[in-house]
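Single-structure report; data block below.
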Amino acid sequence: MPTAAAPIISSVQKLVLYETRARYFLVGSNHAETKYRVLKIDRTEPKDLVIIDDRHVYTQQEVRELLGRLDLGNRTKMGQKGSSGLFRAVSAFGVVGFVRFLEGYYIVLITKRRKMADIGGHAIYKIEDTNMIYIPNDSVRITHPDEARYLRIFQNVDLSSNFYFSYSYDLSHSLQYNLTVLRMPLEMLKSETTQSRQESFDIFEDEGLITQGGSGVFGICSEPYMKYVWNGELLDIIKNTVHRDWLLYIIHGFCGQSKLLIYGRPVYVTLIARRSSKFAGTRFLKRGANCEGDVANEVETEQILCDASVMSFTAGSYSSYVQVRGSVPLYWSQDISTMMPKPPITLDQADPFAHVAALHFDQMLQRFGSPIIILNLVKEREKRKHERILSEELVAAVIYLNQFLPPEHTIVYIPWDMAKYTKSKLCNVLDRLNVIAESVVKKTGFFVNRPDSYCSILRPDEKWNELGGCVISTGRLQTGILRTNCVDCLDRTNTAQFMVGKCALAYQLFSLGLIDKPNLQFDTDAVRLFEELYEDHGDTLSLQYGGSQLVHRVKTYRKIAPWTQHSKDIMQTLSRYYSNAFSDADRQDSINLFLGVFHPTEGKPHLWELPTDFYLHHKNTMRLLPTRRSYTHWWTPEVIKHLPLPYDEVICAANLKKLIVKKFHRYEEEIDIHNEFFRPYELSSFDDTFCLAMTSSARDFMPKTVGIDPSPFTVRKPDETGKSVLGNKSNREEAILQRKTAASAPPPPSEEAVSSSSEDDSGTDREEEGSVSQRSTPVKMTDTGDSAKVTENVVQPMKEVYGINLSDGLSEEDFSIYSRFVQLGQSQHKQDKSSQQLCSRCSDGVIKLTPISAFSQDNIYEVQPPRVDTKSTEIFQAHIQASQGIMQPLGKEDTYMYREYIRNRYL
């Protein structure tokens, strides 16, 4: 019987684009370069895109022969050796998509990437550089005077700024969804395998379905959630003509990962933010919601906690918590033509039956389940009505919608004027937010992929017993979602989300057995690490939507920010105002063009000639939409039946159609995450290891003095920390502002694909680091500087690490030791007498070692255990007593040894 299911790893991870006069040949291979696919792109069509996928999986030798024949067949003269007919244009790591303006099509390729996170062995990469190549040949090109302007507008979307992808992990879905899919019953997978075999795209794909005995493993690949995919429109034209491995979906937002060391046990804390591609835009130009229920500045934030000592999804411990931010789901806007810092809020359309809010909350019920909790942070009391307009309309909409929902699934509305409490000297804002966070997490619960630990039974906790969500045999599921909003969904929202995430993090650590109570205190290494992640997360999202970093941070609301922070807040406010007034319109045009909201058409007004983009985002202004939903039964019937579980995670026929299920051999490369992560077939270096460059609680936050408790959950004074709370953050903020990316972990050196002079190779050759690739998007030099700093901190001189300098010659003593080591490695347990005599003649000084597992009698009937010395017995007995709570007193030697260990490991 097949074992558990596994995610399907894309077999197109390295690409090389070859060029002839008539065609482009795009050769893609897996990372091991054992399987290849080929796309043929026609260059003779001036305006149409003609792509042919030959649906065959090549070996490396077959690809070399194919390229050799193409080279020979495209030479100007038969048998001529001087000129080549096949040119290697560029190397890449993925296809972003194809786009056309007024002339022919362009292909957008990822030429540089950087690893940003690792989840269960699945790497998440950030796009660092792209290359945009015009497909038609110059001889058939029909020029248009406005083509260059459209090209500049399209490239104004900086793909090197916070766009992420993965070859094996679906970034558009949550961890709970991805692991729920992998735990589907085997009977369901078998039925889906039969269907996929009948509808298989690849004519050779069925060869992998024939398995031997019990060695089969189901591979699963799910359709992405298109709301959070940003290149869906660019890939739509080839979606039905090429193999699925060519389709690389990217998300926009934030991704950061840090390492929490708990007495040497590594725990990865990952923060992923997915920005919606629906109704996307800039601050004042996109407010409220459109006619389909999509809101502006909608971002889904997921925090993932995993025990890094076990990599597998099936055997490891993983936990996640999801929350959402988004604009108030009403028809409202702000007129920026008045040039005021706070333009007046106007309600554009009357919506007495809360139609647009109903569409929005119906989407949330389908994806997250119930309850939906709204945390509204806008002002409640004002001298002049401004933000209060939104509060009054939102309350009316929620009251109207709740009267038709079942009482157990009603929308929970929590209004809290955060600005008012911030100005009060008697109220602690974060304490009040902590109370709200506790109530929210208790209602929604969180996801964990393992049953409750035995320690939670031995040490029961009242808060843990009151936890909501759905408890299943394999762990817990999060049911419901917290939706936080203020006016901009930037400063106040990020602080509130941090407090809720901090509360959820305590429950996650408790569920994995890492802390004894689900509670975390401020000024601990763990909370500082988490706070830095969230501030980077908030800065990045604020730059994308508002044009500047956060103005008010967690320290501002804690009232511990230094006096220099006030001047920085003023500068951020001015930067945000300048961006909103002068550059947001151009950024909005770029987003509309990139996402396919606007399609350039000959004979129609150009993008820059439109007075407004309102009708582009509101489809009901251009044509009549289908029949309106009922004013009372405003939800989807199938969704309400399965609440509180999210309908997207329910096993039903509609959801099974979204899955691609295929049967593999156990050691097939498409499902072997061990080979994908460790890559034993290539030479690796510790200096380039991602986990070493990652932000670590022990290295970056733990005090450097010996004798202080190394626990990351110990409350410390500000002057005790390894990274000062008040000082070192400022330089980091400036660096983030320069590079417009907010990954908290200093990343390892990025991978860059550059052209090679070799033409018959399929992607194995690379040029030296000094070579420069063609770029369509700028790469900030501060990234390289950060990487260099990390390398200086991590890499030590060879003399200090190994004790010798490898460039010096070996001494006779060292050579003798090495010779003995080689001879020991060549010896075996069973050797004939002649080989033993020969070995003894060659080296008399070789130490004869007896394996510890060598027994005098060792067969299937009797085994004689080895003898254990007294010292080993005492150590084992002390270990048993320690597990029973009987601790041995530490001597001076033990204390000195532990201090040396801490100094060498962390300092």
Side-chain angles (χ1 to χ4, degrees), residues 4-13 93-97 110 113 115-127 163-184 189 192 196 218-232 235 239 243-255 257 270-277 299-304 306 311-314 316 318-322 324 366-368 447 449 477-478 646-651 654-662 664 670-671 673 676-677:
I8 298 178
I9 304 170
S10 173
S11 60
V12 178
Q13 299 187 21
F93 295 108
V95 179
V96 176
I110 301 171
R113 68 184 181 185
K115 186 174 180 179
M116 301 302 294
D118 172 68
I119 302 176
H122 301 268
I124 299 175
Y125 297 97
K126 175 181 176 290
I127 298 177
F163 284 88
Y164 305 91
F165 67 93
S166 176
Y167 298 112
S168 54
Y169 184 81
D170 189 353
L171 288 173
S172 65
H173 284 290
S174 64
L175 179 71
Q176 176 172 315
Y177 176 89
N178 290 333
L179 294 191
T180 301
V181 166
L182 297 181
R183 289 177 175 175
M184 288 179 57
L189 297 179
E192 287 300 304
S196 64
F218 288 112
I220 297 182
C221 178
S222 61
E223 289 186 4
Y225 191 63
M226 298 307 296
K227 185 175 187 177
Y228 297 114
V229 172
W230 276 65
N231 64 333
L235 293 175
K239 185 176 181 180
H243 191 270
R244 64 176 182 273
D245 286 347
W246 291 102
L247 306 177
L248 186 65
Y249 296 100
I250 63 175
I251 68 167
H252 184 40
F254 171 82
C255 179
Q257 189 172 57
T270 311
L271 204 61
I272 299 176
R274 310 173 183 91
R275 180 174 291 280
S276 172
S277 61
V299 181
E300 179 184 305
T301 300
E302 180 180 20
Q303 61 187 56
I304 300 174
C306 65
M311 185 187 67
S312 168
F313 272 153
T314 55
Y318 294 85
S319 177
S320 71
Y321 184 77
V322 181
V324 172
Q366 179 172 346
R367 181 165 173 84
F368 305 110
F447 169 73
N449 72 330
L477 298 178
Q478 178 182 346
Y647 178 72
D648 286 350
E649 298 174 12
V650 174
I651 300 175
N655 289 335
L656 290 177
K657 291 180 181 179
K658 301 176 183 178
L659 301 179
I660 299 174
V661 182
K662 184 183 174 185
F664 293 92
E670 283 87 346
I671 59 169
I673 193 62
E676 179 70 16
F677 179 74

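Along the sequence shown, the residues carry numbers beginning at 1. Side chains are part of it too, since the values below use all heavy atoms of this structure and drop only hydrogens, waters and symmetry mates.
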Heavy atoms only: give me the nearest [X]-[Y] pair and the separation to one decimal.
X    : Y    : result
A273 : I251 : O-CD1, 4.4 Å
V229 : P224 : CG2-CB, 3.9 Å
I9   : I671 : CD1-C, 4.3 Å

Check the angle between the aromatic planes of [X] and [Y] and answer parallel, tilted or perpendicular using the 30° and 60° thresholds.
X    : Y    : value
F163 : H252 : parallel
Y169 : H122 : tilted
Y177 : H173 : parallel

- Message: Run V181 and D170 through side chain to side chain contact (heavy atoms under 4.5 Å, CB included) and show every step you take.
- Response: CA-CA 11 Å; V181 166; D170 189 353; over 6 Å; no

Reported [atom1]-to-[atom2] distance for the pair [X] and [Y], which is rounded to 0.5 angstrom:
X    : Y    : atom1 : atom2 : result
S312 : Y318 : OG    : OH    : 6.5 Å
F93  : Q13  : CZ    : CD    : 10.0 Å
I110 : L248 : CD1   : CG    : 5.0 Å
S320 : F447 : OG    : CZ    : 6.0 Å

I'd like to know if the side chain of [X] and the backbone of [Y] have a donor-acceptor N/O pair within less than 3.5 Å.
X    : Y    : result
N231 : V96  : yes
S172 : Y225 : yes
R274 : G253 : no

- Query: Quick one: which of Y164, F254, Y125 gives a side chain to side chain contact (heavy atoms under 4.5 Å, CB included) with M116?
  - Reply: Y164

- Test item: side-chain donor near acceptor, Q176 and E649, under 3.5 Å: yes

- Message: Whether R367 and E300 form a salt bridge (side-chain N of Lys/Arg under 4.0 Å from carboxylate O of Asp/Glu) is what I want to check.
- Response: yes

